[in-house]
K.L.:
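Structure below; questions to follow.
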Amino acid sequence: MAFDQVRVRLAPSPTGDPHVGTGYIALFNFVFARKNKGKLILRIEDTDQVRSRASSEQMIMESLRWLGLDWDEGPDVGGAFGPYRQSERRHLHQEHANKLVTSGHAYRCFCTSERLDEMRAKQKADGSQLGYDRHCRNLSDAAISANLSASKPFVVRMKMPTDGVTIVKDLLRGNVEFENQRIDDQVLLKSDGYPTYHLANVVDDHLMKISHVIRAEEWVSSTPKHVLLYEAFGWEQPTFVHMPLLRNTDKSKISKRKNPVSLRYYQRAGILPEAMVNFLALMGWSFGNDIEIFTVSEMIEKFELERINLGGPIFDQTKLNWMNNQYMQKISTGRFVEYLRDQIFNIDQLLKIKPFAVERMDRFDQFLDNNIFFFNGALKYDGIPLVPAGKTNDEMITMLGRLAETLDEVYDWSMDPIKQAMDAVKTELNWKPKDYFMPIRLVVTGRKDSPPLVESIEIIGREMTRFRLRDAADYLKAHPQKTPS
RNA sequence: GUCCCCAUCGUCUAGCCUGGCCCAGGACACCGCCCUUUCACGGCGGCGACGGGGGUUCAAAUCCCCCUGGGGACGCCA
C-alpha cells in the first residue's frame, strides 16, 4: 500500500448542534488512529454557504473535546496539510474541477434549478429513474462559449461512464458493485463556485493523504462516485469503512424529531463523557469476555475494525443511563463536587437566574424549590393540565412539535429571536395568546408561576427547551389529557 | 419506483469467517426473592431470540439460494 501511515479524518459539517452520530464516528476514527499509531485529522466541511455557521464549528470542537476525542491536525491546531476548513480550500477544488473538465471527465451544465425541478417532478410522476437527464453533457463548443459569454451561471458535473460496473471495496462489507449506467452525473462544483461534498471530500482526502475513510453507512451509495473520481484523477483510493447508522427506537436513522441528538443535550443532562463514549463504543462493537464497562484506552488495546457488527443499533437512553450510573458510583469526591459546581450550578447560569430569583423569594431556602427547572433535565407532567381549554390533545402535540422545530432554527439564542420564533408559531397555527403561552410555560418550567417565559427559555437553553417540548408531546401521546369529542 | 446495505432475546450484543463444545452466553429493561427502618446500590433467580422456506452436510445460529422484514441512498445538503 502506498499509504505509509494511517491517517483518518473526521469531517463534520458545521450546520447545527454537535451530533451524537458525529461523536460516534469520531470515537471509531480516534480509536483506529491510536491503535495504529496514526493521525486523526479534523476537517470542517463548510462548503454549504447557506447553512454553515462558525458557532456550530466551535460547538462541535468543544463537544468532541468534552468526549476526550482529540485530533492531531485541524483548523485550531494546524498541521502540515492545511488549511483544514474546506471553505479555505476553494481554489484547490476549483482547480481540480477544471482539470476534470479539461480531461473530459466533467462538463459545464447550464440547466436552471427550475428546469431540474420540473425534470424531477416528471420523473417522479412517470416512475422513471431519478437523476439528471444529461441535457448539457454534449453541448457543442459554440453553445458553451455562447452561454459563457452571456455569463449564464453553471455548475460542473461529472461525466459518468455509461456502461460497466464500479466496485466499492468496503472493509466490512466486501466488494459492492454498482452499475455505472445508474450513477448520476454528479454536480462537483456549484454555481457559487463552492465544491459539493463529493468533490471536496475526494480532493481533500487525497491531498491530506487519508488512508482510511471511516464514515457512516449513509455514504455507501455515493461511494461509487468517489471511486470514479479517484480513478479520473489517477489517484489511489483509501480504504472505505462504513459504520452502521445509529437508530431511533423505530429503527429509522437517528433524528432530532424522535430523539435528543445533540451532544450538548447529554452534557447538560448530566451524562459523564466517559459513560457516553463507553456507551457509543457498544454500538456495533464489543469488548469481548462479556465486559461492557471499559475506558477508551482499554478499547484502543483491544480494538479491531473487523469485529464491528453491521446491524443498525438503536440508541437506547435507558442503557445509557445505567451506564452513566456505573461511572457515577465510581466518581471521585473531587470530580463530584467539580461537576456540580461547573455543570449544574455554574456561575454563569446563577448570574442569569439571580434577578428573577430574588424577586420571588424572601428566604434563600426557597431558592431550589422555586428554580429547580433551571437545573433539572426532564420534568414531570403528571397531574399538570397541559392542554388549554380551547384546544385538543392532538393540537397541543402539533403545537409543541412545531415550536421545537422552529426554536431549533434559532441560532442566535437570545430573547428577541426566541420571541420571534414563538410568535411565528403562534401565528402559523393561529393560536390565541391565552391558549398559547401558559401551556408552553407549564411544559418548559413545570409550573404556572415561573419567571417570564422568554427569559426562562433563554436561560434553560436550546437543547433542554427542545427536549422538554418533545418530551411533553410524547407524554401527551402516551397520556392524552383530553379525548376528541 | 430504482439501486445498495443489513437480519440472534423488547433493546445492546457474544457465537458466524475457521459448521459439532449452543435445545444459544452476557448486559439493559421488566418480574420475583434476599440484603435493608425507606429508596437506591448489590446479590440470587425468572421471563425472553437464531424472521420464513429450501438446499449442502453425519451435523447449521454458523455455508449457499429464494422469500420476507428493516434500513439507507437517489439535492447546486453533507
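The analysis underlying the following values was restricted to heavy atoms, covering all of them including side chains, and did not include hydrogens, waters or symmetry mates.
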K.L.:
In whole angstrom, give me the gap between the P atoms of G15(B) and U62(B).
P.N.:
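That atom pair is separated by 15 Å.
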K.L.:
To the nearest Å, how far apart are R53(A) CZ and C77(B) C1'?
P.N.:
13 Å
K.L.:
Please classify the nucleic acid contact of E306(A) as base, sugar-phosphate, or nothing, using heavy-atom distances under 4.0 Å.
P.N.:
nothing
K.L.:
Which whole number of Å gives the distance between the C1' atom of C9(B) and that of A49(B)?
P.N.:
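Nearest-Å result for C9(B) against A49(B) at atom C1': 4 Å.
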K.L.:
Just by protein heavy atoms under 4.0 Å, how would nucleotides 69-75 of chain B read 5' to 3' in B, S and -?
P.N.:
-SSSSBB
K.L.:
Write down the partner of A27(B) under the Watson-Crick or G-U wobble criteria, each distance required to be under 3.5 Å.
P.N.:
U11(B)
K.L.:
Go nucleotide by nucleotide along RNA chain B from the 5' end; which of A11(A) and N325(A) gets its closest nucleotide reached first?
P.N.:
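Nearest nucleotide further toward 5': that of N325(A).
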K.L.:
Whole-Å distance between A14(B) C1' and W285(A) CH2?
P.N.:
13 Å
K.L.:
Going by purine N1 to pyrimidine N3 plus the second Watson-Crick contact, or the G-U wobble pair, all under 3.5 Å, which nucleotide sits opposite G42(B)?
P.N.:
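In the structure as shown, G42(B) has C34(B) as its Watson-Crick or wobble partner.
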K.L.:
Quick one: do R268(A) and E463(A) make a salt bridge, cutoff under 4.0 Å?
P.N.:
no
K.L.:
Could you check Q123(A), K122(A), R120(A), R115(A) and say which one makes a side-chain hydrogen bond (donor to acceptor under 3.5 Å, both in side chains) with D133(A)?
P.N.:
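It is R115(A), the one option of Q123(A), K122(A), R120(A), R115(A) that forms the side-chain hydrogen bond (donor to acceptor under 3.5 Å, both in side chains) with D133(A).
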K.L.:
Remember a base hit wins even if backbone is also touched, and classify T47(A) as base, sugar-phosphate or nothing at under 4.0 Å, heavy atoms.
P.N.:
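It contacts sugar-phosphate atoms only.
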K.L.:
C1' atom, U57(B) versus G19(B): distance in rounded Å?
P.N.:
9 Å
K.L.:
How long is the line joining CG of L310(A) and C1' of C4(B), in whole Å?
P.N.:
13 Å
K.L.:
Which part of the nucleic acid does F178(A) contact within heavy-atom distance under 4.0 Å: base, sugar-phosphate only, or nothing?
P.N.:
sugar-phosphate
K.L.:
Side chain of Q329(A) only, heavy atoms from C-beta on: which candidate in G42(B), C6(B), C76(B) is closest?
P.N.:
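Minimum distance to the Q329(A) side chain belongs to G42(B).
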K.L.:
I'd like a list of close polar pairs between nucleotides 27-30 of chain B and the protein, N/O only, cut-off under 3.5 Å.
P.N.:
unit_1, atom_1, unit_2, atom_2, d
A27(B), O4', E292(A), OE1, 3.0
A27(B), O2', E292(A), OE1, 2.4
A27(B), O2', K319(A), NZ, 3.4
A27(B), N3, K319(A), NZ, 3.1
C28(B), OP1, W322(A), NE1, 3.4

K.L.:
Expressed in angstrom and rounded to an integer, what is the separation of R9(A) atom CZ from A78(B) atom P?
P.N.:
14 Å
K.L.:
Mind calculating the distance between CG (N278(A)) and P (U13(B)) to the nearest angstrom?
P.N.:
13 Å
K.L.:
Roughly how far apart, to the nearest Å, are G70(B) and C35(B) at atom C1'?
P.N.:
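Straight-line distance between the two C1' atoms is 44 Å.
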K.L.:
For D17(A), is there an ion pair with R462(A) - N to carboxylate O distance below 4.0 angstrom?
P.N.:
yes
K.L.:
Taking any strand in view, what nucleotide pairs with C3(B) in a Watson-Crick or G-U wobble way, both distances under 3.5 Å?
P.N.:
G72(B)
K.L.:
Take the protein atom CZ of R173(A) and the nucleotide atom P of C6(B), then report the distance between them rounded to whole Å.
P.N.:
6 Å
K.L.:
Separation of R307(A) atom CZ from G15(B) atom C1', in whole Å?
P.N.:
11 Å
K.L.:
Would you mind classifying the nucleic acid contact of M283(A) as base, sugar-phosphate or nothing, using non-hydrogen atoms under 4.0 angstrom?
P.N.:
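Sugar-phosphate only.
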K.L.:
Would you mind reporting whether Y230(A) and V202(A) have side-chain heavy atoms less than 4.5 Å apart?
P.N.:
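With C-beta onward as the side chain, the pair touches.
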K.L.:
At 4.0 Å (heavy atoms only), tell me whether G284(A) reaches a base, stays on the sugar-phosphate, or touches nothing.
P.N.:
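G284(A): backbone/sugar contact only, no base atoms under 4.0 Å.
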K.L.:
Tell me which donor-acceptor pairs under 3.5 Å the side chains of residues 150-163 of chain A have, and how far apart each pair is, sequence neighbours excluded?
P.N.:
unit_1, atom_1, unit_2, atom_2, d
K152(A), NZ, N147(A), OD1, 3.2
R157(A), NH1, D185(A), O, 2.8

K.L.:
Looking only at non-hydrogen atoms, find the nearest pair between G131(A) and M119(A) and report the distance.
P.N.:
O-CE, 3.4 Å
K.L.:
M323(A) has an atom CE; how far is it from atom C1' of C12(B), in whole Å?
P.N.:
9 Å
K.L.:
Using the P atom as the reference point in each nucleotide, state the distance between C47(B) and C5(B) in Å, no decimals.
P.N.:
39 Å
K.L.:
Between U11(B) and C17(B), how far apart are the two P atoms, rounded to whole Å?
P.N.:
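That atom pair is separated by 25 Å.
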K.L.:
Given the C1' atoms of U13(B) and A24(B), what is the spacing between them in whole Å?
P.N.:
13 Å
K.L.:
Short question: side chain of N29(A), backbone of I25(A) - any donor-acceptor pair under 3.5 Å?
P.N.:
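Pair found, side chain donor or acceptor close to backbone of I25(A).
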K.L.:
Taking the P atom in each of A61(B) and G43(B), what is the distance between them to the nearest angstrom?
P.N.:
33 Å
K.L.:
Which one is paired to C77(B), where only Watson-Crick or G-U wobble pairs with both distances under 3.5 angstrom count?
P.N.:
none
K.L.:
Do the side-chain N or O atoms of S286(A) get closer than 4.0 angstrom to the phosphate oxygens (OP1, OP2) of A14(B)?
P.N.:
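It does, given that an N or O in the side chain of S286(A) lies less than 4.0 Å from OP1 or OP2 of A14(B).
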K.L.:
Strictly distance-based, threshold 3.5 Å: is any side-chain N or O of Y327(A) a donor or acceptor partner for the main-chain N or O of I293(A)?
P.N.:
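No; zero donor-acceptor contacts below 3.5 Å.
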K.L.:
Heavy atoms only, 4.0 Å cut-off, all strands: where does V176(A) land among base, sugar-phosphate and nothing?
P.N.:
sugar-phosphate
K.L.:
Would you find more than 12 non-hydrogen atoms of other residues, nucleotides or ligands less than 6.0 Å from D250(A) atom CG?
P.N.:
yes
K.L.:
Taking H96(A) for its side chain and L92(A) for its backbone only, find out whether a donor-acceptor pair lies under 3.5 Å.
P.N.:
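Yes; judged by distance alone, with no hydrogens or angles, the pair exists.
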K.L.:
Any Lys/Arg nitrogen of R173(A) or E217(A) sitting under 4.0 Å from an Asp/Glu carboxylate oxygen of the other?
P.N.:
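Yes, charged N to carboxylate O under 4.0 Å.
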K.L.:
With a 4.0 Å cut-off, would you call K319(A) and D316(A) a salt bridge?
P.N.:
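The answer is no: the pair does not qualify as a salt bridge.
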